[in-house]
Number of protein chains: 2
Amino acid sequence: MSLNIDQIIKKSQEACVLAGVKLTTKRKNVLIVLLSSIRPLSAYEIFERYKDQFNESLPVMSIYRMLDFLIREKFVHKLETANQYIACAHITCDHQHETPQFLICDNCHVVKEVGIKRNIMAKLEQSIQSTGFTLSHQQLELHGICEHCQNKPK
Amino acid sequence: MSLNIDQIIKKSQEACVLAGVKLTTKRKNVLIVLLSSIRPLSAYEIFERYKDQFNESLPVMSIYRMLDFLIREKFVHKLETANQYIACAHITCDHQHETPQFLICDNCHVVKEVGIKRNIMAKLEQSIQSTGFTLSHQQLELHGICEHCQNKPK
DNA sequence: ATATGTTATGTTACAACATAACATTTATAG
DNA sequence: CTATAAATGTTATGTTGTAACATAACATAT
Ligand SMILES: [Zn+2]
Ligand SMILES: [Zn+2]
Ligand SMILES: [Zn+2]
Ligand SMILES: [Zn+2]
């Protein structure tokens, strides 16, 4: 477990104490699996990697429940357009989590989580409100090609 | 088949002729199923409704292929966050199809398709381009509560 | 009219993603 | 030490989607 992951886990532990919930060993390990991956993973891929990384086979059902927990506590996001899960890129940031915006490369499948600029989001919200609709679960998922893949010969 | 649906089908036929592709009876019927629904439908729901509406049981796999066709020709959109399909709200419009933005009610599941305002989309694109990422498949799916559901006692 | 190619549709099997229902274990408050 | 709730395990099943291959329908060339 890299130093960086170590720090993120520590931060998560603290956040859980504050929230009055428990980051059990298995929940923590699922989070470590996600933090160790450069790509988002499906629940079944997490299942496989958990086995490899921790020499222990967790039921897929339990993976889903632990993901539910981690998502509820905002340590993990679900990419709805890909049916995959990814660790939040801002666990160690102290500022409030902004509306996340995911740039998903359809070629190499890397995902970059960027906070959507406040003024753009405000405009978007405003334009939506005028239709009478109220947003929730705010999250944008945008598909395209990452810088790396663009500069690469096919 | 309502008058309005009739008109949309006619327009679709014309568009197919122009594009040099064929809107076969079954493809047309799948489109009619979607046009007849106030909600987006899953492929399996389309399968059920097709049976009911046309007294004919189409293989689910064929449904998927007809959806592929209808999506390719821009008569239908897939809601990636819901794994559901919905007829485009602008088939009869003559203007170019803008980046579609779907407002999805998590309570009653109605979906409103609105064109995202050009200047907002431009800002968004610009902010994304600065990260080196190039967008494709542009489509926004936003979840929330529709006007109707907000004004309704739970 | 026959052969050939092309597109559309059907069939079977299975992969991938997810939840329901209920049992058991573990933590912890009284 | 129990009573209770929370976490995890187990089994079964539901939902969404694709791969691989076969056949049908239609168009075009011989
Ligand atoms: Zn995040
Ligand atoms: Zn890439
Ligand atoms: Zn549309
Ligand atoms: Zn609603």
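The analysis underlying the following values was restricted to heavy atoms, covering all of them including side chains, and did not include hydrogens, waters or symmetry mates. Throughout, a chain's letter reflects where its sequence line sits, starting with A, and its residues are numbered from 1. Being a predicted model, the structure only gives us computed values, none of them experimental.
When rounded to the nearest whole Å, the span between CZ of B:F69 and P of C:dT9 equals 9 Å. Put simply, CD on A:E48 is 13 Å from P on C:dA15, counting in whole angstrom units. With rounding to whole Å, B:R72 atom CZ is found 11 Å from C:dT7 atom C1'. Atom CG in B:L23 sits roughly 13 Å away from atom C1' in C:dA8 (whole-Å rounding). To the nearest angstrom, P of D:dA7 lies 13 Å from NZ of A:K26. Here the P atom of nucleotide C:dA8 and the CG atom of B:L67 are 15 Å apart, to the nearest Å. When rounded to the nearest whole Å, the span between CG of A:L41 and C1' of C:dA18 equals 17 Å. Rounded to an integer number of Å, the gap from B:K28 NZ to C:dA8 P is 16 Å.
Taking side-chain N and O atoms only, B:S42 has no distance below 4.0 Å to OP1 or OP2 of D:dT15. Contact check, A:Y64 against D:dA7: no side-chain N or O comes under 4.0 Å of OP1 or OP2. Distances shorter than 4.0 Å separate none of the side-chain N or O atoms of A:N83 from OP1 or OP2 on C:dA16. An OP1 or OP2 oxygen of D:dG17 is reached within less than 4.0 angstrom by a side-chain nitrogen or oxygen of B:K78. The side chain of A:S62 places no N or O atom within less than 4.0 Å of a non-bridging phosphate oxygen (OP1 or OP2) of D:dA7. An OP1 or OP2 oxygen of C:dA8 is reached within less than 4.0 angstrom by no side-chain nitrogen or oxygen of B:R65.
Checking B:T134 against A:Q150 by side-chain atom types alone, a donor-acceptor pair falls below 3.5 Å.
Picking from C:dA27, C:dT19, D:dT16 the nucleotide with the shortest atom distance to the side chain of A:K22 gives C:dA27. When distances are taken from the side chain of A:R27 to each of D:dA7, D:dT10, D:dT16, the shortest belongs to D:dA7. Closest approach to the B:M61 side chain among D:dG17, D:dT10, D:dG9 is made by D:dG17 (side chain taken as heavy atoms from C-beta onward).
Not one N or O on the side chain of B:S37 forms a donor-acceptor pair closer than 3.5 Å with the backbone of B:L34. Between the side chain of B:S62 and the backbone N or O of B:L58 there is no donor-acceptor pair closer than 3.5 Å.
Residue A:Y85 is in sugar-phosphate contact alone, with no base atom involved, counting any heavy-atom pair closer than 4.0 Å across all strands shown.
Between the side-chain ring of A:Y44 and the base of C:dC17, a stacking contact exists by the 5.5 Å and 30° definition.
Electrostatic pairing of B:E45 and B:R39 counts as a salt bridge here, judged by a charged N lying under 4.0 Å from a carboxylate O. Taking 4.0 Å as the cut-off between side-chain N and carboxylate O, B:E56 and B:K26 count as a salt-bridged pair.
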